[in-house]
Amino acid sequence: MSAANQPTPKAAETAAPENTLEIRKLSKVFGGLRAVNNMEFSIPKGALFGLIGPNGAGKTTVFNMITGVYEPTSGDVIFNGTNITGLEPHLINQMGIARTFQNIRLFQSLSVLDNVRIAYHPHAGYSMSDSIFHNHKYEVKEKELTERAVEFLSVFNLQDRLRETAKNLPYGEQRRLEIARALAANPSLLLLDEPAAGMNPNESVALMDLIHFIRERFNLTILLIEHQMRVVMGICETIAVMDFGERIALGTPQEIQNDQRVIEAYLGPGSAALSEKFKRKKN
Amino acid sequence: MKKIPRSSLIFYGGALVFFIVVQLLISFGLLNAFWNTILRLGAVMAIVSLGLNLIYGFNGQFSLGQWAFYAIGAYCAADITYRWANLGSAGGLMVVLMIVLFTGAAILFLRTQLSKIRRLDALSAFSIYLLTTLILGYVALQIGKALDAPVAAALKALPPAVALQVVFFFAVILAGMLAAEISFLFGLPILTLGSDYFGIATLGLTIITKVLLDNSDTLLGFAEMKGARGMIGIPKITTWFWVFLFLIITIVVTRNLLNSSYGRAILSVREDEIAAKAMGIDVANYKILTFVIGSFFAGLAGGLYAHINGFLHPDTFNFIKSFDPMIVIVFGGLGSVTGTIAGAFAWALVLEGFLRLFLPEGFETWRFVVYPLLLLIMMLLKPSGIFGGYEIPFIRAVLPPNQPKRAEDLRSEDAIQSQEAGL
């Protein structure tokens with residue numbers, strides 16, 4: 001099955017190899033609505049990149065275009081120097097981009113272990129006829145795969161929940177499992193869609209630690225959508241801000257916090273002037 | 001040599017004992033023809049329902065088309081053995097064999113080639129497959145006809161009883177494969193629909209099949225099928241041995257498939273298609289694969305069914321009857337192999353057996369009041385079916401035990417480090 005699905009990417013002409021992901025003039029039109037308009041940014045290898053913006057700015061649409069859920073109307077997505085625009089989601093995942101979802105999407109009624117083992121499926125190493133006959137190759141590979149999954153789960157301290165059904169886990173552990181499942185596919189780029197949504201301050205701090213931890217341990221580049229400013233400003237090195245489908249700012253957390261257009265996008269027109277006044281008063 | 005697990009020993013041992021006990025009861029005439037038929041019907045129903053449970057219970061695609069593939073399998077196998085038993089011709093066998101081989105090879109070949117094309121839409125793919133299958137089917141028909149005489153001569157060298165069994169065995173297998181290939185062609189365009197629409201489309205298939213069978217002698221040109229008058233003269237050779245053998249094979253194949261990485265991929269599609277795609281699972285591929293395997297079982301069961309009574313009538317394949325396997329799997333437990341088998345035998349024993357015997361004369365129709373009521377009560381009391389998600393140890397997947405949690409978690413590791421740095 002996997003042999004039949006070899007991706008046929010066309011190589012990009014001028015992709016700087018040090019950038020893990022490059023988004024070039026990406027646009028998506030739904031009927032008359034321009035959800036994303038000429039979006040551009042690039043993420044260097046190993047970076048922690050944040051994508052923020054008010055609700056409905058088009059952040060998740062960008063995610064969906066990167067991961068192949070939507071086909072972009074125009075523009076290119078370059079991953080590690082390869083143009084992956086318009087590839088099907090499962091091929092993009094197999095190339096090394098994994099994601100989590102805004103509202104957790106676990107395989108609810110399967111065990112925690114199976115959630116991770118499914119991520120290993122593209123590299124299962126045995127054919128379907130091996131599995132139907134339960135032959136020696138199946139036994140060996142299946143055992144190997146299971147051991148790998150158990151070991152992997154213990155990295156995330158979920159090894160005491162192996163047999164638990166995913167939907168019975170507490171919320172924080174479900175988030176952790178979702179991130180673990182995404183990482184089990186061995187990606188080089190991880191997309192996190194609002195990982196801190198619905199978390200209390202303590203849980204978000206734990207999440208920030210987890211993100212730092214996995215970045216180092218798995219040698220990852222991370223793209224993050226988040227609404228909790230504490231999380232975004234706390235861990236991202238570079239931040240892009242979107243509003244009405246367009247990029248309105250790009251820079252370090254410091255620069256973003258002082259950007260007039262960003263403040264206006266979040267708090268409404270005229271608010272930038274107000275905040276200036278407020279700052280002066282404070283000084 | 002590795003040790004055979006205890007659960008397997010119990011399962012195979014239990015199956016063997018069950019088989020021998022029933023076989024002895026039949027041989028000594030303790031089980032009359034009526035109950036014998038009921039038991040065989042139960043096993044056949046178990047095979048169809050296992051196929052449907054794979055599609056609906058495990059893959060999450062609501063299908064009402066299972067009965068159509070059952071019908072295709074029944075008529076296909078019946079026609080093969082009819083020609084052999086009554087006309088002494090191996091034409092049916094050879095033609096179906098050639099068609100299955102040729103189109104099967106073509107489908108496999110096209111599948112590897114077409115997967116190289118990016119975002120090929122389902123309808124274009126469908127047209128390519130259909131054209132290729134039709135052309136190759138025609139070629140296969142001619143070759144099959146040419147092979148009729150030599151193969152018939154070779155089979156006639158065998159003792160007649162053995163030859164009939166051989167033809168029957170291949171007829172059943174080929175019936176399954178033909179049903180599987182038709183399900184592939186049919187499933188290709190409609191599996192892109194959402195689950196509810198898929199259900200309606202498959203219901204359409206069941207109705208089309210019934211209408212075609214009603215007119216099989218005129219529209220399709222199979223005079224021996226006699227259209228709405230019903231096909232007679234099929235050898236009654238489905239013994240308890242054959243149904244039991246095929247049932248065990250079906251159970252073992254289903255279990256082996258489900259307890260593998262491929263089975264987990266099938267389950268992931270049911271759980272969450274979008275998440276499955278994001279985890280590298282080719283969702284469209286697994287939907288069609290499951291549909292094809294499920295239909296294969298349906299065709300197999302159809303082939304066995306045709307040779308129980310020696311009589312086939314299109315009314316048996318009415319779309320109302322297509323709810324029978326659906327009722328069996330809902331009653332037994334969606335996504336439970338054990339429940340499906342229990343449900344199928346319960347369906348045969350209670351509905352076709354006891355109720356038919358014990359309800360007073362003229363009240364047989366009340367069966368169809370009793371079992372919807374049973375189903376209703378069932379839904380209210382235990383919506384997950386009798387067995388819910390339960391499986392006997394043989395079928396259940398073996399999971400490693402939970403490991404003890406580490407004393408400190410990720411958070412505290414970091415906390416300790418930062419504390420040390422602070423000091």
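Per chain, numbering begins at 1; letters A, B, ... match sequence-line order. The structure presented is a predicted model; accordingly, all values stated were derived computationally and were not measured.
A side-chain donor-acceptor contact under 3.5 Å links A/Asn83 and A/Thr85. B/Asn285 and B/Arg111 form a side-chain donor-acceptor contact under 3.5 Å, judged by distance and modelled atom types alone.
Comparing B/Pro404, B/Ala275, B/Gly280, B/Pro401 by heavy-atom pairs within less than 4.5 Å of chain A, the highest count is held by B/Gly280. Highest contact tally toward chain A, considering only B/Arg264, B/Lys277, B/Gln403, is held by B/Arg264 [criterion: heavy-atom pairs under 4.5 Å]. In terms of heavy-atom pairs under 4.5 angstrom with chain B, the leader among A/Ser154, A/Ser131, A/Ala124 is A/Ser131. Most heavy-atom pairs under 4.5 Å with chain A: of the set B/Ala265, B/Pro400, B/Ala397, this distinction falls to B/Pro400. Between chain B and the residues A/Asp160, A/Asp130, A/Ile118, A/Ile132, the largest count of heavy-atom pairs under 4.5 Å involves A/Asp160.
Taking the centre of each ring, B/Phe69 and B/Phe296 stay at or above the 6.0 Å mark.
B/Ile293 touches chain A through its side chain: at least one heavy atom from C-beta onward sits under 4.5 Å away, while N, CA, C and O do not. Using a 4.5 Å cut-off between heavy atoms, A/Leu158 does not touch chain B at all. Using a 4.5 Å cut-off between heavy atoms, A/Glu142 touches chain B through its side chain atoms alone. For a residue to count as touching a neighbouring chain, one of its non-hydrogen atoms must lie under 4.5 Å from one of that chain's; by this rule A/Phe133 touches chain B with the backbone only. Only the backbone of A/Arg161 comes within contact range of chain B, with heavy atoms under 4.5 Å apart. With a threshold of 4.5 angstrom between heavy atoms, B/Ile274 approaches chain A through its backbone and through its side chain.
Within 6.0 Å of NZ in A/Lys141 there are 12 or fewer heavy atoms belonging to other residues, nucleotides or ligands. A/Tyr171 OH: more than 12 foreign heavy atoms inside a 6.0 Å radius. When the shell of 6.0 Å around NZ of B/Lys382 is examined, it contains more than 12 heavy atoms from other residues, nucleotides or ligands. The 12-atom threshold is exceeded at CG of A/Asn103, counting heavy atoms of other residues, nucleotides or ligands nearer than 6.0 Å.
Contacts from residues 107-117 of chain A to chain B, taken as heavy-atom pairs separated by less than 4.5 Å, involve A/Phe107, A/Gln108, A/Ser109, A/Leu110, A/Ser111, A/Leu113, A/Asp114, A/Arg117 in sequence order. Within residues 182-201 of chain A, the residues approaching chain B closer than 4.5 Å by heavy atoms are, in numerical order, A/Ala182, A/Ala185.
Note that A/Arg105 lies in the cation-pi zone of A/Phe101, set by a 6.0 Å cut-off to the ring centre and a 45° limit from the axis. Remark: A/Arg148 qualifies as a cation-pi partner of A/Tyr120 under the 6.0 Å distance and 45° angle criteria applied to the six-membered ring.
With hydrogens and angles ignored, the 3.5 Å screen pairs a side-chain donor or acceptor of B/Asn53 with a backbone N or O of B/Gly335. A/Arg99 places no side-chain N or O within 3.5 Å of a backbone atom of A/Phe63 that could act as its donor or acceptor partner. Side chain of A/His121 to backbone of B/Ser261: a donor-acceptor contact under 3.5 angstrom is found. Under the 3.5 Å distance criterion, the side-chain polar atoms of A/Glu237 are matched with a main-chain donor or acceptor of A/Leu48.
Comment: B/Lys287 engages B/Glu273 in a salt bridge, judged by a side-chain N to carboxylate O separation of less than 4.0 angstrom. Taking the charged nitrogens against the carboxylate oxygens, A/Glu147 and A/Lys143 do have a contact shorter than 4.0 Å, which makes a salt bridge.
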